[in-house]
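I have placed the structure first, in the form of structure tokens, so that the comments after it can refer back to it.
Values below: all heavy atoms of this structure, side chains included; hydrogens, waters and symmetry mates excluded. Lettering follows sequence order; numbering is per chain, from 1.
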Amino acid sequence: MRSLEFTSLLLFSAIFRVILIIYGEWQDAHMEVNYTDVDYLVFSDAASLMASGDSPYKRTTYRYSPLLAFLLIPNSLIHRSWGKFIFSASDLLVGYFIHFILQQRKVPKKLSNYCVMTWLFNPFTFTIGTRGNCEPVVCAMILWIIICLMKGNVLQSAFWYGLIVHFRIYPIIYAIPMVLILDPDFFPSDQKPILKNWTAAQAERLHDGNYLYTLHNLFKCIFTRNRLIFGLVSAVVFFLFTGLSYYLYGWEFLHEALLYHLTRTDPRHNFSIYFYHIYLHYGYDISVMEKLISFLPQFMVQLVLIFYFAKDLPFCLFAQTVAFVAFNKVITAQYFVWFFCLLPLILPWSKMKLKWNGMLCILSWIGAQIHWLMWGYLLEFKGKNVFFELWVASLVFHAANVNVLTMVIRHHRFSSFFLGLKDAKSKNVAKHE
Amino acid sequence: MQSYFDRHTELHDSVFDNFISQEVNVGSCQMLPENHDFVPRLSVLKRNLIGEGSHRHVSTMIKFQSQQSESLSQILSSCDLIVIERLPTGVFADPFELQRLVQRRVFNEVDVFGDTNLELPSFLSNRSAVEIHPAVDPNKLLEPTDMKIELPLHARYQPLNESGYSMVELGTPDMLLRCSAKEKSKNQSCFFKLTNNNADVTYESDVLWRIPSGKKAHSDLVFAITFSAALLSTLVIVLSSLEYSKSRASKDSKQS
């Protein structure tokens, strides 16, 4: 009965997205402002170039793997909305994966459905796929990797991980927690890992300090079979796809799809706290010292979060993604989807109530964004010099992001993703007694 | 314009003026009598910058009349108008947006030449030029006509300025008529440059675009506060994580 509820949620979401895609086509044809994202037009153009045997990189501002253009070739053969349907389908797939993961961890159905709704009915989510943004594909792959790990399919998870890093570089930040979770204690040889289920109880007991255990464990057996397989296979897959793309499209591919993202400093206004500083110094040489200071906060935060939360994999990934986006040199709205897809996976373990801490987090985050958008509008569409005010607004937004992250951490009920051998054995003993 | 950019890498006004004069001379009509006085003139030229902010339209309203005799209209059949906008580095035209205008039949043809980068600031960009063939009935061009051409433009990020604004000036476009002969056997077309001598040239409003630019005075403050904010928030997150794990440890010791 309850799974029927989820099916009807999914069906409703699917119909809603189809309607949005159709509406988007209408708006594009009849109104000055397009519904479709500019990026979608870029992908489509690149795809049609590829279809006619040309390099997709002939299309300026196409900065993705050739795989994306390949996926969208039917745009020029079948219908220009093909890509939007693919992205929306991935979006629905994410909803299904979230449901699957939560069910596997024995989260009560009602709670699970609410969590799935935070993805399926999130305005950011349903607009992003229907506007033609490719991020839902990335989110679907990340969740699939988590599912593969849950099932003990290390090989498969490594394959998809290598592929996703080729496709969209940012998942490289997940490398360390994923290697850490392949702890022999969780993945004893030739046995499937055991998931730790959801309980209504308080946070689990701490054994020997989780983090120290992790570090000690890591140094002792970094070269375990599973970790080696994961590392090697994902690296091979990454280099295979990257190498193939380089073979086909040469230096242009390397520059546009990889190096651009690694060295991107866009002086144009965006949510990042760094944008004004970049604009004020654009064209000047950046000292090594400056590069270091801009990289250090991001690096430190990532390490600290991994150190403390790696065992609770979904939470670790979520926290890392929020921090990564907040500290990045460039922030655009599509990046938010990267952590929105992980949010439903951690909500069942949050002590935060919607009233009023939850509402405060949501409202302050949205409020800070609207505040920024207001100054952005004055700058871009009214031509007023409000660079300084806009930059202050980005500081406020950064503070809102950090606030949400620390609130989520504070209200989190730590739960290891997998049961260690010792825990599993003691549970069995407890069962038999 | 393609032929100009085939020969030159950058747009310089004086070089371009020479180029245009040459093209017009070369294209001087062999089908017209040698001492023809067909000089199309502009009687009115109005330039206007419509809109606010970084995305505007430059509108050109022209009225022209050519004092040609009946005989000329028997030789020349139809004419196309070609407008060439030479853009300063401070603004750019989006080729993809212009193609959509072609699809909507606002223009017959349009092309952007020179620096078509959509993202770099003006101090790292070169000039560009837009060649527009407006969608206009070619037969009407031999009679006194007035028409309006609107070109969407976008502002680039400007170099830093103490006042906080940069002024970008848009010059007058070059306008050419490309006419073809009535007799199909004479497969030729001629170029005539529309001149605005003696024209009542009016600029309705300044074709001066005021674009916000960063203030150098902010440099040090922005640097200091940006990096302090980053370090502070790092500290907050580190301390939160530390506090969290300590509180768990103390809970555990309480329970056991």
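Rounding to the nearest 0.5 angstrom, the gap separating the CD atom in A/Glu380 from the NE2 atom in B/His154 is 10.0 Å. Summarising the geometry, atom OG belonging to B/Ser233 is positioned 6.0 Å from atom CD1 belonging to A/Ile273; distances are rounded to the nearest 0.5 Å. Distance CG/B/Leu239 to CD1/A/Ile409: 11.0 Å, rounded to 0.5 Å. A distance of 11.0 Å separates CZ in A/Arg268 from OG in B/Ser54, rounded to the nearest 0.5 Å. Taking CZ of A/Phe414 as the reference point, atom OG of B/Ser247 lies at 12.0 Å (rounded to 0.5 Å). One distance of note links CG of B/Leu242 with OH of A/Tyr308; it measures 4.0 Å at 0.5 Å rounding.
Taking every heavy atom of both residues into account, A/Trp391 and B/Thr226 meet most closely at NE1-OG1, 3.2 Å. Residues A/Phe309 and B/Ser241 approach most closely at CE1-OG, 4.0 Å, considering heavy atoms.
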In sequence, state the C-alpha distance, the side-chain angles, and the governing distance for B/Glu119 and A/Asp266, and then conclude on side chain to side chain contact (heavy atoms under 4.5 Å, CB included). CA-CA 8 Å; B/Glu119 297 170 324; A/Asp266 201 340; 5.6 Å; no
When you look at B/Phe96 and A/Leu41, which way does the side chain to side chain contact (heavy atoms under 4.5 Å, CB included) test go after all the steps? CA-CA 9 Å; B/Phe96 304 104; A/Leu41 301 170; over 6 Å; no
Are B/Ile237 and A/Phe327 close enough, and set up right, to give a side chain to side chain contact (heavy atoms under 4.5 Å, CB included), and what steps lead you there? CA-CA 12 Å; B/Ile237 294 172; A/Phe327 284 90; 3.8 Å; yes
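Residue A/His277 touches chain B through both its backbone and its side chain, counting heavy-atom pairs closer than 4.5 Å. For A/His281, the part lying under 4.5 angstrom from a heavy atom of chain B is the side chain only. For B/Arg156, no part lies near chain A; criterion is any non-hydrogen pair under 4.5 Å. Looking at B/Leu235, neither its backbone nor its side chain comes within 4.5 Å of chain A, counting heavy atoms on both sides. Residue contact with chain B, scored on non-hydrogen atoms closer than 4.5 Å, is absent for A/Asn401. Only the side chain of B/Leu124 comes within contact range of chain A, with heavy atoms under 4.5 Å apart. Only the side chain of B/Phe227 comes within less than 4.5 Å of a heavy atom in chain A; its backbone stays farther off.
Interface check for chain A: of the options B/Arg210, B/Gln158, B/Glu243, the most heavy-atom pairs under 4.5 Å are formed by B/Gln158. In terms of non-hydrogen atom pairs under 4.5 Å with chain A, the most contact-rich of B/Ser240, B/Pro95, B/Gly164, B/Ala230 is B/Ala230. With chain A as the partner, the residue from B/Ala229, B/Pro121, B/Ala155, B/Pro159 showing the most heavy-atom pairs under 4.5 Å is B/Pro121.
A ring-ring contact (aromatic ring centres under 6.0 Å, His included) with B/Tyr157 is found for exactly one of A/Phe387, A/Tyr282, A/Phe275, A/Tyr276, namely A/Phe387. Each of A/His411, A/Arg410, A/His412 was checked for a side chain to side chain contact (heavy atoms under 4.5 Å, CB included) with B/Tyr244, and the lone residue meeting it is A/His412.
Residues A/Phe381 and B/His55 have side chains in contact (heavy-atom distance under 4.5 Å, counting atoms from C-beta outward).
Among residues 291-304 of chain A, the residues having any heavy atom closer than 4.5 Å to a heavy atom of chain B are, in sequence order, A/Ile293, A/Ser294, A/Pro297, A/Met300, A/Val301, A/Val304.
Under the 3.5 Å distance criterion, the side-chain polar atoms of A/Asn385 are matched with a main-chain donor or acceptor of B/Ser213.
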